[in-house]
Amino acid sequence: MAELDTRARDLRFSPLEAVSHRLVAASATDSVSATELPFTTQIGLRGDASDAAFVKAVKAAIGLAPPSEACTVAVKGDNRILWLGPDEWLVVAPDDVEGALLAKLEKGLAKLGAVAIDLTGNRTVIELSGPSARAVLEKGCYHDMHPRAFPVGRVVGTLIAHTQLFLERASDNPETFRLYVRSSFARHMAEWLMDAMAEFNESN
Amino acid sequence: MLLIDCPYCGERPEIEFSYGGEAHIARPENPGALSDKEWADFLFMRGNQKGAFRERWIHTQGCRRWFNVLRDTTSHEIYAVYKIGAPKPPAPGEKPVAAKKPAAKKPAALKKGAGK
Amino acid sequence: MLEKGWIGGGNTGRNTTIVRSNYLFDESAHLYEKSLQLFEQLSQELNYNVMMSQRGVMNLAHNLHDVRESKRRVFANKLNGVDAEWLEPEEVKAFCPIIDISPDARYPVMGATLQKRAGVARHDAVAWGFARGADARGVDIIQNCEVTGLRIDNGRIVGVETTKGFIGAKKVGSVAAGHTSVICGMAGFRVPLTSHPLQALVSEPIKPIHPCVVMSNAVHVYVSQSDKGELVIGAGIDAYNSYAQRGSFHIIEGQMGALRELFPIFSRLRMMRSWGGIVDTTPDASCIMSKTPVENFFINCGWGTGGFKATPGSGWAFAYTIAKGEPHPLNAAFTLDRFTTGALVDEHGAAGVAH
């Protein structure tokens, strides 16, 4: 089993693997850089945040309670829980833990009116970072990304370049956004980003 | 473009939403018991009000939740946004359904998201 | 004839002037073909140049489903005596050289239906030609006269209340487009209509470059060039109900994207004016020309996004309906009853606009 897992890992490729070198070329650390965070574990959660048993079970499995405030992210170490809707969250964790995490969650939620489902591979994550990151995103997004309206720890479901995504402001130093994009739209998003980034990379 | 105040996520541009037409049309409990005329009335006939109009929207690109909007179809002004199942806020000039619900006030449980 | 504003100030003056009759079902094809035939002789009949230009309308197909449905429509049209032909991509290019038919386009052109007798007519000329013709035949046209109520006695209409006072009438016909629900509300019954904004726009004028009318459901735009040189461009309705004669900007953005997709040559063209009309859409994208629950009160509505092309035929059949108190065979299928009987005439494909 373990051997098979290793071989599967060797064979797999992420949605943006084919353009990763172009993302590097399009990036400039002093203005804006884009990189894919491939293969993150992603688990969809549905439940009632006012149900203490649900919160407790999630906390026990992930070390984090699902945030009850709309459009916020709970972060602890490498794990995060994104608020997607009033009874819906996305757990994001490092590569290769989905089996163990899911088993823990399923066990904890078994007797509750709640569900955890493996959504790993549904979306890939693009991290956009640097002082010009916001200017790049603002070219194709109606959402107000000023820190006053969209501080660190916020996540919104919105559209960039006609493509649905969850957009998280992950850090302010340097300004860093995470774009959770559906795999089949990732290439389009990457192409659009590289085009939008071009003016900020003077070596181009 | 409309700015719609999602009762869960806050004010967002119209492109994040999809339209669901007239609100508060209850599906008949027992369609088989209806006459053809009653069924047509449920399925096809619409108020299509000019002025204050109760309609459904879904925040498709965001939290994916349905909710109701009270909007003026002549000015596009949004008078109120309220969750499915919440009491209907009165339209301007309309008597409140329950006296404790003044116009334009949103349900107390409303949580504001980004932008607020 | 009572008009709330002025003649030609509503949807007649706001549409994209396309005239065609290539509808799928027999009922629609007969009605629109009658209309097209009347259009062909309208300038002579009215002694007023309506600038009818039968330059041909192409409906593009961008995928295999489009191709199958389009060919089906060509065959159906031919069986109904409506001229129609199928064009392969090269023939599309020959008919309209500025179209991009490259196979690597996001939505490649895989062919088109062509109705050569179809084309455009000057919308406000049609309105004024009809107004002058009606006036000459003794019709009183009262503008700035809004209907504010219907006087109904024992289930029978006896006249209309207006901003200029009561006007008695033995029979009343309502042709109120987007406001039909409001008028029918005065009569106490509901209709299966929702009113939406439909936006259109024109570009700056340029020399003649676009020889026909091109419509595409898949990328969703339709465009012709007016005699003034402006491109006249339309697309789909705004999703929400509205009586406001304006819509949202992202609809226009989509429309421009579609235009650029089909015609890269227009990518630097500037747009000059945009506007909106209120269209009354039905669940089956077909009109309603019908008696109503109120005796001697008739409605002609539900033309949605495509009423202009039907103007003469619709008027012709509606006049018959009012005079005889019964629909003509041409509009017999388009009753209000069909929403109860289920005999819908689903023309969403041929109506060519998503709603």
Side-chain angles (χ1 to χ4, degrees), chain A residues 44-50 66-74 82-90 119 122-123 134 137-138 140-170 177-182 185 189, chain B residues 1-21 23-24 54-71 75-89 101 104-116:
Chain A
L45 271 184
R46 299 295 296 267
D48 179 0
S50 65
S68 56
E69 191 184 341
C71 305
T72 59
V73 186
L82 280 54
W83 184 98
L84 304 189
D87 60 1
E88 186 173 8
W89 296 265
L90 186 69
L119 298 177
N122 177 30
R123 290 171 191 266
R134 174 151 68 100
L137 295 178
E138 280 169 344
C141 185
Y142 284 87
H143 192 70
D144 183 357
M145 270 174 277
H146 192 280
R148 185 172 59 222
F150 191 54
V152 171
R154 289 276 175 180
V155 62
V156 291
T158 186
L159 291 164
I160 292 181
H162 300 171
T163 302
Q164 199 277 343
L165 80 166
F166 294 109
L167 176 67
E168 176 195 352
R169 184 194 285 268
F177 297 89
R178 286 188 173 199
L179 289 66
Y180 300 80
V181 189
R182 290 191 181 101
F185 288 84
M189 181 62 81
Chain B
M1 188 181 301
L2 305 179
L3 270 179
I4 300 171
D5 197 4
C6 169
Y8 303 98
C9 300
E11 210 165 65
R12 300 293 184 86
E14 181 193 337
I15 51 164
E16 290 184 9
F17 298 85
S18 306
Y19 192 58
H24 305 298
R54 294 179 192 281
E55 61 193 9
R56 298 176 306 168
W57 288 85
I58 180 173
H59 193 187
T60 322
Q61 316 294 346
C63 65
R64 303 191 299 172
R65 292 305 181 280
W66 285 98
F67 58 94
N68 295 318
V69 173
L70 177 61
R71 186 180 57 95
S75 66
H76 295 178
E77 182 181 353
I78 292 175
Y79 297 126
V81 172
Y82 54 108
K83 291 179 184 175
I84 299 288
K88 294 181 194 174
K101 286 272 162 202
K105 182 158 179 204
K106 278 168 232 147
L110 183 149
K111 278 204 186 79
K112 284 295 166 129
K116 297 285 149 145

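Naming convention: chains lettered A, B, ... in sequence-line order (proteins, then strands); numbering from 1 in each chain.
- Between A/Cys71 and B/Arg12, the shortest heavy-atom distance links the atoms SG-NH2, 3.6 Å.
- Summarising the local packing, NE2 of B/His76 is surrounded by more than 12 heavy atoms from other residues, nucleotides or ligands at distances under 6.0 Å.
- Across all their heavy atoms, A/Leu159 and B/Ile15 have their closest contact at CD1-O, 3.5 Å.
- Rounding to the nearest 0.5 Å places CG of A/Leu84 at 14.5 Å from OH of B/Tyr8.
- For CZ of A/Phe185, the number of neighbouring non-hydrogen atoms (other residues, nucleotides, ligands) closer than 6.0 Å is 12 at most.
- Contact annotation for residues 57-66 of chain B against chain A (heavy-atom separation below 4.5 Å, listed by residue number): B/His59, B/Gln61, B/Gly62, B/Cys63, B/Arg64, B/Arg65.
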